[in-house]
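Note sheet for the following structure.
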Amino acid sequence: MQTDFYRGARAGMANMSGSMSDKQKNAISPRRDEDFPEWYQQVIRAADLAENSEVRGCMVIKPWGYAIWERMQAELDRMFKETGHRNAYFPLFIPLGHLEKEAAHVEGFAKECAVVTHHRLELRDGKLVPTGELAEPLVVRPTSETIIGAAYARWVKSWRDLPILLNQWANVVRWEMRPRLFLRTAEFLWQEGHTAHETRAEAEEETMKMLRVYEKFAREFLAIPVLTGEKSESERFPGALRTYCIEAMVQDRKAIQAGTSHFLGQNFSKAAGIQFQGRDGAVEHAWTTSWGVSTRLVGTLIMAHSDDDGLVLPPRIAPAHAVVIPITPKEDSKADVLAAAEVLATSLRTASFAGAPVAVEVDARDLGGGVKSWEWIKKGVPVRIEIGPRDLAQGTAAVSRRDRPHRDKEFLPVADIPGRIPEILKEIQSGLAARAVAFRTDHLRTMDSKEQFYEFFTPKNSAKPEIHGGFALAHWDGSAGVEEKIKNDLKVTIRCIPFDESPEPGTCPFSGGPSRQRVVWAKSY
RNA sequence: CGGGGUGUAGCUUAGCUUGGUAGAGCGCCUGGUUUGGGACCAGGAGGUCGCAGGUUCGAAUCCUGUCGCCCCGACCA
């Protein structure tokens, strides 16, 4: 089966007629197949999700973008609570000394830390200059293992104090060289779960449990299939014993790490001194985990589902499920149309989707119907409902779906709409998920020869690389040398070593050495 | 941080080679006609041409430096 993400847009274009088609075919220019990175930025602008700020690498998340993040937060927070976690908040500033305690951690994060060295500004010759140097500089958290570890060390005395199962919603700062809206910003929003356990087995189980939470969230809410597995040593979190991840494929066939869960062993508890007296009276170090997802999920969502007309939101994560658009061509019927729109919205809100009332917006702005419709198309709202004077007479409204060409509309009796919308939302959700699965299936290849591998990851046009490649399932001898070589040659890395109940041994096509199992290779964000 | 590209109104851009103090389209505002698919007519607002120096009688244009952004590389969620 050939999955074509552009099919919808083409069908839409074929339906177009009149002056519009001469003017503009798609809302977003360039199209995905012309220039994917530029398309991505234009979608963000067209949907009014975010913009770059005056500080390099930082972004302003605008209301519609933030609403998507809030939806993610709401569902994840619920899932964390269901798995026994509670929220807390730890400081933004970390004493420099804390960061020095775990060697691998220092190595991993030292290069990208913002450091606070002063606590006062003085006005000199009209310029503000920092004064009041701090005795010990403070690091703006790039992640919170160290400062949370220090707190856990204070809190834990006995095995009865364990486990500690906390999460925090916070911002973190990593001074990135190449920022990209949502995908990699100097400051980003995330959640970080931090747990401490009595036994190794318990901590390992926790690590895996939270990975499963992320996987379920991605599949059920974002409609994005993800591969799960373990990171190779070179991709592991600094200081972790094992790093597990969910990896998604987006429409340029690159991989994106959408969430991680780390088994930290006793590394951080030894560094921070998280010790307790066990059931046998012996003093032991706790076993810790950490796990997180960030606003990168918003970028992942955009790249996974959106099309050449803008954002496409899966209903289960959309801030609004439906928008009612009053069409008010005549002054004398305007009040009636607006009133009917409100009545329709109100009745629609009595319907429920996925266990909650259908979220409805009414766009009562005094603008042309086409203008308003296009705005909501670009914002990715799953369902648009237009209601105008003719509908009033007939008791109907025109229903359009974001997963269908934008010209398609179905006139439904108003009375049927509250009953019908939840079904449509369900169809859109499962349709987007199915399409994403099919897309990934099409671009996931099992391969055994080096030649095939290199061909797969080499664009035909090197000057202006077309969308190519995907995920390659190939054997690997487990050596960092092979990883290094492939990365240098093709910019392809091991995204994860999939969990495999019965691994199929084979031969590494790059070294000829023995391989325990196939691993997932891809270009990545 | 290295290589390449690029900065002119909110967006897209003309002008730069051959210096003479800025033009368009979209968007925005007002009025009218419109509104079921990104409307039309008329009027209007908006730019110290990224910033700082320099050359010159005069700089968007030439020179130097610097900053931002984009792409590639290193690094990363």
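Only a predicted model underlies this, so the values are computations on that prediction, with no experimental measurement involved. Naming: A, B, ... by sequence-line order, numbering from 1 per chain.
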Just N and O in the side chain of [X]: are any of them under 4.0 Å from OP1 or OP2 of [N]?
{"X": "A:K372", "N": "B:G38", "answer": "no"}
{"X": "A:K523", "N": "B:C72", "answer": "no"}
{"X": "A:R236", "N": "B:A77", "answer": "no"}

- Query: With under 30° as parallel and over 60° as perpendicular, where do the rings of A:F221 and A:F217 fit, or are they tilted in between?
  - Reply: parallel

- Task: Classify the ring geometry between A:H262 and A:F237 as parallel (under 30°), tilted (30 to 60°) or perpendicular (over 60°).
- Result: parallel

For nucleotides [N] and [M], find the distance between their [atom1] atoms and express it as a whole number of Å.
{"N": "B:U61", "M": "B:U21", "atom1": "C1'", "result": "12 Å"}
{"N": "B:G23", "M": "B:C49", "atom1": "C1'", "result": "12 Å"}
{"N": "B:U55", "M": "B:A14", "atom1": "P", "result": "31 Å"}
{"N": "B:G73", "M": "B:U13", "atom1": "C1'", "result": "31 Å"}
{"N": "B:A60", "M": "B:A74", "atom1": "C1'", "result": "36 Å"}

Give the table of side-chain donor-acceptor pairs shorter than 3.5 Å for residues 379-386 of chain A, with sequence neighbours excluded, one pair per line with atom names and distance.
unit_1, atom_1, unit_2, atom_2, d
A:K379, NZ, A:A47, O, 3.4
A:R384, NH2, A:H406, O, 3.4
A:E386, OE1, A:K409, NZ, 3.3
A:E386, OE2, A:S373, OG, 2.7

So the stems of RNA chain B, runs of at least three Watson-Crick or G-U pairs (under 3.5 Å), are B:1-7 with B:67-73, B:10-13 with B:23-26, B:28-33 with B:39-44, B:50-54 with B:62-66

Quiz item: What does A:L367 touch in the nucleic acid at a heavy-atom separation under 4.0 angstrom: a base, only the sugar-phosphate, or nothing?
Solution: base

Taking every heavy atom of A:F268 against every heavy atom of A:P238, the minimum-distance pair comes out as CZ-O, 3.9 Å

Paired with A:D307, the side-chain hydrogen bond (donor to acceptor under 3.5 Å, both in side chains) test is passed by just one of A:R402, A:Q251, A:R32, namely A:R402

Comparing nearest nucleotides in RNA chain B, the 5'-proximal residue of the pair A:R45, A:S524 is A:R45

Would a distance-only check, ignoring hydrogens and angles, find a side-chain to backbone donor-acceptor pair under 3.5 Å from [X] to [Y]?
{"X": "A:W476", "Y": "A:S479", "value": "yes"}
{"X": "A:W291", "Y": "A:Q191", "value": "no"}
{"X": "A:S261", "Y": "A:T207", "value": "yes"}
{"X": "A:N26", "Y": "A:I28", "value": "no"}

Expected list for residues 383-393 of chain A near RNA chain B, using heavy atoms below 4.0 Å, is A:E386, A:G388, A:P389, A:R390, A:D391

Expected list for residues 182-194 of chain A near RNA chain B, using heavy atoms below 4.0 Å, is A:L183, A:R184, A:T185, A:F188

Sub-3.5 Å pairs of nitrogen or oxygen atoms, protein against nucleotides 66-71 of chain B:
unit_1, atom_1, unit_2, atom_2, d
B:C69, OP2, A:R56, NH1, 2.4

What do you reckon, are the aromatic ring centroids of A:F457 and A:F453 less than 6.0 Å apart? yes

Looking only at the aromatic ring of each residue, does the gap between the centers of A:F182 and A:W69 stay below 6.0 angstrom? no

ask   = Regarding A:R495 and A:T493, is there a side-chain donor-to-acceptor distance under 3.5 Å anywhere?
value = yes

Those residues at least two apart in sequence (or on a different chain) that pass side-chain hydrogen bond (donor to acceptor under 3.5 Å, both in side chains) with A:S333 are none

